[in-house]
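Each remark here refers to the structure printed beneath this line.
Labels below follow one simple rule: chain letters A, B, ... track the order of the sequence lines, proteins then strands, and each chain is numbered from 1.
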Amino acid sequence: MLINVNGRSHVVLVDSDMPLLWVLREKLGLTGTKFGCGKGLCGACTVHVNNSAVRSCQTKVGDVSSAQITTIEGISNDNELHVLQKAWISSHVPQCGYCQPGQIMGALELIREKKNPSDEDIDRAMAGHICRCGTYPRIKSAIKKACQQRALKMRG
Amino acid sequence: MVKRRQILIAGAIVGGGLVLGANMLPTNRRRDVVGYVTKENEHLVTTWLKIGNDDFVTVYIPHAEFGQGTSTGLAMILAEELGADWEKIRVERAPALTEFSNYAFIESLMAGFPIPKALNQVKKFTSIKVAETMRLQLTGGSTAMRFTGHFGMRVQGAAAREMLKLAAADTWAVEVSEITVEKGIVRHQASDRSTGFGSLAEMAARYEPPLEPKFKDPKRYTIVGQPLQTFDIEEKVKGSLIYGIDVAIPKMKYAAVKASPTVGGEVLNFDEHAIAGRTGYIKTVVISGAIAVVADSWWQAQQAIDNLPVTFSEGPFSKYSSEQVINEQFAMLDRATNDDDDESLSDVVIDKGDVVALPGQKLSADYQVPFETHAPLEPMNCIVQWHKNRKIETWIGLRNPLATRVAMARHFDIEESDIIFHNSEIGGSFGTRSVGMENYFIQCVEIAQQFEFPIKLIWSREQDIQNGYYRPAVAARLTGTLDDDGTAIGWQSDYFYKDTAIQASPAEIPYSIPNQRMRALAHEPPIRFGSWRSVNHSQQCFFKEAFIDELAGQGGHDPLAYRRKLVIGQPRLVAVLDRLEKLSDWHQPKLSRQGIGMALSDVYGSFLALAIHVDVTEAGVVHVNRVDCVIDCGLVINPDSVKAQLEGGIVWGLTAALHPSITVSAGRVQQSNYHDYQVLRMHECPEINIALIDSFDAPGGVGEASVPAVAPALVNAIHNAIGLRVRHLPVQDISELLGSRHA
């Protein structure tokens with residue numbers, strides 16, 4: 001079947017009930033999307049399907065064959081990191097880093113919906129993303145920083 | 001003061017350049033180390049640096065990186081002493097190969113140059129054998145910065161600096177004392193001459209490395225103490241860092257396993273026909289204590305094994321449960337209490353004064369903590385290729401690859417040199433991924449032995465939670481004796497288990513209580529045990545810091561002031577208490593059902609005090625609103641890394657203190673995924689404030705430092721809020737206890 005990932009079409013020979021997560025990781029070599037639990041509980045596998053955050057371990061590839069899929073690899077281009085990624089760096093967020101692609105994809109949906117998310121907005125949006133290293137305070141501050149940077153950019 | 005002995009080995013490298021290795025005798029004879037360094041002259045080479053003729057400095061870091069910022073911190077120490085340009089520092093992870101840890105590595109760098117005189121010394125140390133003693137690339141016990149950094153990197157950097165100065169002095173025919181080295185430039189001010197490292201490096205290699213180089217004055221540090229960004233941060237936010245689970249080897253196939261749910265069970269029967277027709281299916285393999293399915297993709301393998309009818313034998317431990325563990329321990333505590341002078345029941349670890357005969361008010365409390373697991377977000381995984389000549393080649397992320405090699409060589413009865421490691425990046429360790437916890441590696445080898453292609457084994461989250469090596473569930477009984485003012489004059493602690501390390505027991509208290517007796521009892525239930533972030537400090541600190549609080553409360557004393565009185569004469573502990581008092585607004589009046597509690601901890605060479613602010617609802621739900629933490633960890637290498645580790649340790653400790661942990665019933669771990677093994681999430685994460693005390697003392701550990709203080713501070717806060725003493729974890733829902741209040 002044909003799937004569209006990060007703006008490119010790929011032919012993948014898989015059963016339609018294979019989770020998108022494993023198609024991305026094993027067939028397309030896009031290993032930025034991670035396996036953490038296989039039950040949609042941890043958020044490490046988060047990608048965007050038509051600009052909505054989904055758990056790719058719970059998404060059958062057959063169900064997204066005509067959708068636009070965006071992974072962590074697709075949110076920056078060669079020249080520039082996404083504003084969230086820059087904020088993640090300047091706030092020194094990652095420790096082991098394994099959960100961070102999923103965190104960023106989750107945060108991306110939030111900041112598309114809200115220009116200036118409050119602490120409660122962030123808690124609600126990010127409650128589904130586990131970090132065992134405990135970087136939550138820095139994730140929260142990075143999300144706010146990203147929104148400030150975005151606002152400055154739009155003004156300038 | 002900690003003693004150390006050092007050897008520096010230097011040589012020139014092909015194409016020009018200097019290589020310098022520093023090693024040291026480990027002074028912390030931890031259990032893991034004792035097996036590998038037993039002879040008088042044995043040394044461990046821990047760090048290598050290379051200065052190329054392109055001015056770049058490459059640092060080879062022997063420690064595993066799993067989020068602690070170790071590589072960056074170690075490189076900072078070295079760059080500071082060396083006087084390097086931080087922008088010209090490169091870090092490489094030392095491969096866990098014998099070739100790295102013996103002088104063959106130098107040979108490979110020098111490729112044909114004659115071995116410098118300094119290295120001939122190495123050959124003389126027959127008991128050292130640089131090639132063989134570098135068994136240890138251990139990351140753990142919060143030691144990386146303390147030992148490798150403070151002793152290894154610092155000495156290396158300073159020695160290399162002096163050698164560069166000597167080279168410059170000889171080149172320019174000036175006094176070496178007139179040479180300065182700063183930001184990668186070697187300069188002779190008086191004659192206005194300067195050059196980068198590259199042109200001097202090869203010449204520098206000709207000098208004997210000074211064994212006791214002069215260190216830089218910490219007051220003049222420009223790199224150490226800065227909150228520099230870690231090296232691999234960009235890869236982490238781009239998702240391009242390759243973890244063990246991401247590695248792909250040509251021709252590899254995937255395996256999923258289902259292990260016996262009880263320890264010691266084996267596969268009885270299974271029905272391969274039920275799954276043989278599935279897409280991608282290759283084979284079902286029975287291995288020790290488990291069954292495995294190999295398929296073209298991991299999901300196919302896992303789906304197949306989920307649908308494979310299989311039965312396991314019960315094994316010898318199928319009746320065991322968490323309740324049984326604690327009941328057995330309390331029965332042993334009762335015997336030790338009632339037959340107080342029966343020496344066979346326990347080991348007396350501390351015995352000062354005469355606590356049993358001491359008159360005064362006695363207060364006794366029993367505590368218990370449950371099993372805990374690690375559940376890092378990257379589940380256990382590895383790739384193994386079993387070569388025809390009985391060699392194992394593996395791609396795996398480990399904390400201690402060389403010690404694992406020793407253990408696995410023994411297990412599979414092959415030579416150590418026949419196990420080839422390719423180290424992977426790690427998605428969280430927290431005590432796991434270390435020697436003695438290689439069950440997934442053993443499974444993978446047993447599977448790989450049946451095939452010609454490499455096998456990639458990934459544990460499902462369920463297997464990861466149920467096949468782990470757990471932090472032990474233990475009980476303790478503490479008894480205090482108070483004088484008429486409520487001051488503690490006696491302290492007794494009976495606890496599990498026997499400490500085998502020569503270092504101070506984690507049950508020891510920093511308090512100057514004149515009469516003390518601590519007894520360790522041994523109990524070994526048939527549960528797999530392993531190290532968990534802060535190891536036995538995670539249990540002992542809960543017991544002692546909850547209990548000192550109870551002693552304070554008995555006489556109506558403020559818990560912070562009570563502790564301060566008992567640590568007078570230990571200025572570093574007094575200082576963290578004083579700072580916490582301010583940072584936490586300790587004396588601020590609280591509303592009804594709100595409380596503040598604290599704990600004091602001196603672990604890993606650091607001194608820490610932590611306060612937690614809670615509110616407890618009528619229904620008994622505990623909310624953690626704020627955590628304040630003060631640490632004196634000696635010289636701070638990278639303040640941002642320190643804060644990050646303390647924050648992470650606090651979140652880690654809160655997960656364990658608040659949420660239900662691991663329970664065992666009928667020999668089986670009851671939990672399976674993140675829905676029933678709940679971890680702290682964003683919306684439960686409190687405000688966290690960290691303060692670092694300025695110090696030039698030797699660096700203390702921070703990776704585990706904040707974990708032990710969390711649980712006791714939490715129960716102390718609950719008492720402050722509603723007057724209830726909670727003596728076992730978890731505490732998120734104490735509604736049952738509210739129904740039967742005590743104290």
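For B:Ile458, the part lying near chain A is the side chain, with the backbone staying farther off; criterion is any non-hydrogen pair under 4.5 Å. Contacts between B:Leu228 and chain A at a heavy-atom distance below 4.5 Å involve the backbone alone (N, CA, C, O). Heavy atoms closer than 4.5 Å to chain A are found nowhere in B:Leu654, neither backbone nor side chain. For B:Trp298, the parts lying under 4.5 angstrom from a heavy atom of chain A are both the backbone and the side chain. Of the two parts of B:Leu377, the backbone and the side chain both hold a non-hydrogen atom closer than 4.5 Å to a non-hydrogen atom of chain A. The contact between B:Val237 and chain A is made by backbone and side chain atoms together, counting heavy-atom distances below 4.5 Å. Contact of B:Glu234 with chain A is made through backbone and side chain together, with heavy-atom distances under 4.5 Å. For a residue to count as touching a neighbouring chain, one of its non-hydrogen atoms must lie under 4.5 Å from one of that chain's; by this rule B:Ser240 does not touch chain A. When heavy atoms are compared at a cutoff of 4.5 Å, B:Ala248 does not approach chain A at all.
No hydrogens or angles considered: a donor-acceptor pair under 3.5 Å links the side chains of A:Thr135 and A:Gln100. Donor-acceptor pairing under 3.5 Å is recorded for the side chains of A:Asn6 and A:Thr71. B:Asp628 and B:His613 share a side-chain donor-acceptor pair at under 3.5 Å.
With respect to chain B, the highest number of heavy-atom pairs below 4.5 Å among A:Leu84, A:Leu81, A:Ile75, A:Leu41 belongs to A:Leu41. Residue with the most contacts toward chain A among B:Gln302, B:His374, B:Glu235: B:His374 (heavy-atom pairs, distance under 4.5 Å). Considering only heavy-atom pairs separated by less than 4.5 Å from chain B, the leading option among A:Ile139, A:Ile72, A:Ile89 is A:Ile89. Interface check for chain A: of the options B:Arg461, B:His683, B:Glu647, B:Arg681, the most heavy-atom pairs under 4.5 Å are formed by B:Arg681. The greatest number of non-hydrogen atom pairs below 4.5 Å with chain A, out of B:Pro227, B:Pro376, B:Ala375, is found for B:Ala375. Counting heavy-atom pairs closer than 4.5 Å to chain B, the top residue among A:Cys99, A:Cys57, A:Pro101, A:Cys37 is A:Cys37. Annotation: maximal heavy-atom pairing with chain B below 4.5 Å, among A:His129, A:Lys27, A:Lys39, A:Glu120, occurs at A:Lys39.
Ring geometry, A:Trp22 versus A:Phe35: the interplanar angle falls from 30° to 60°, so the pair is classed tilted.
Separation of atoms NE2 (A:His82) and CZ (A:Arg150) is listed at 8.0 Å; rounding is to 0.5 Å. For the atom pair A:Asn116 CG and A:Ile143 CD1, the distance stands at 12.5 Å (nearest 0.5 Å). We find the CD-CD distance between B:Gln671 and B:Gln678 to be 10.0 Å, quoted to the nearest 0.5 Å. How far OG of B:Ser672 is from OH of B:Tyr677: 13.0 Å, rounded to the nearest 0.5 Å.
A:Asp119 pairs in a side-chain hydrogen bond (donor to acceptor under 3.5 Å, both in side chains) with only one of the listed residues (A:Lys140, A:Lys144, A:Arg124), which is A:Lys144.
At a threshold of 4.5 Å between non-hydrogen side-chain atoms, the residues B:Tyr440 and B:Asn381 do not count as touching.
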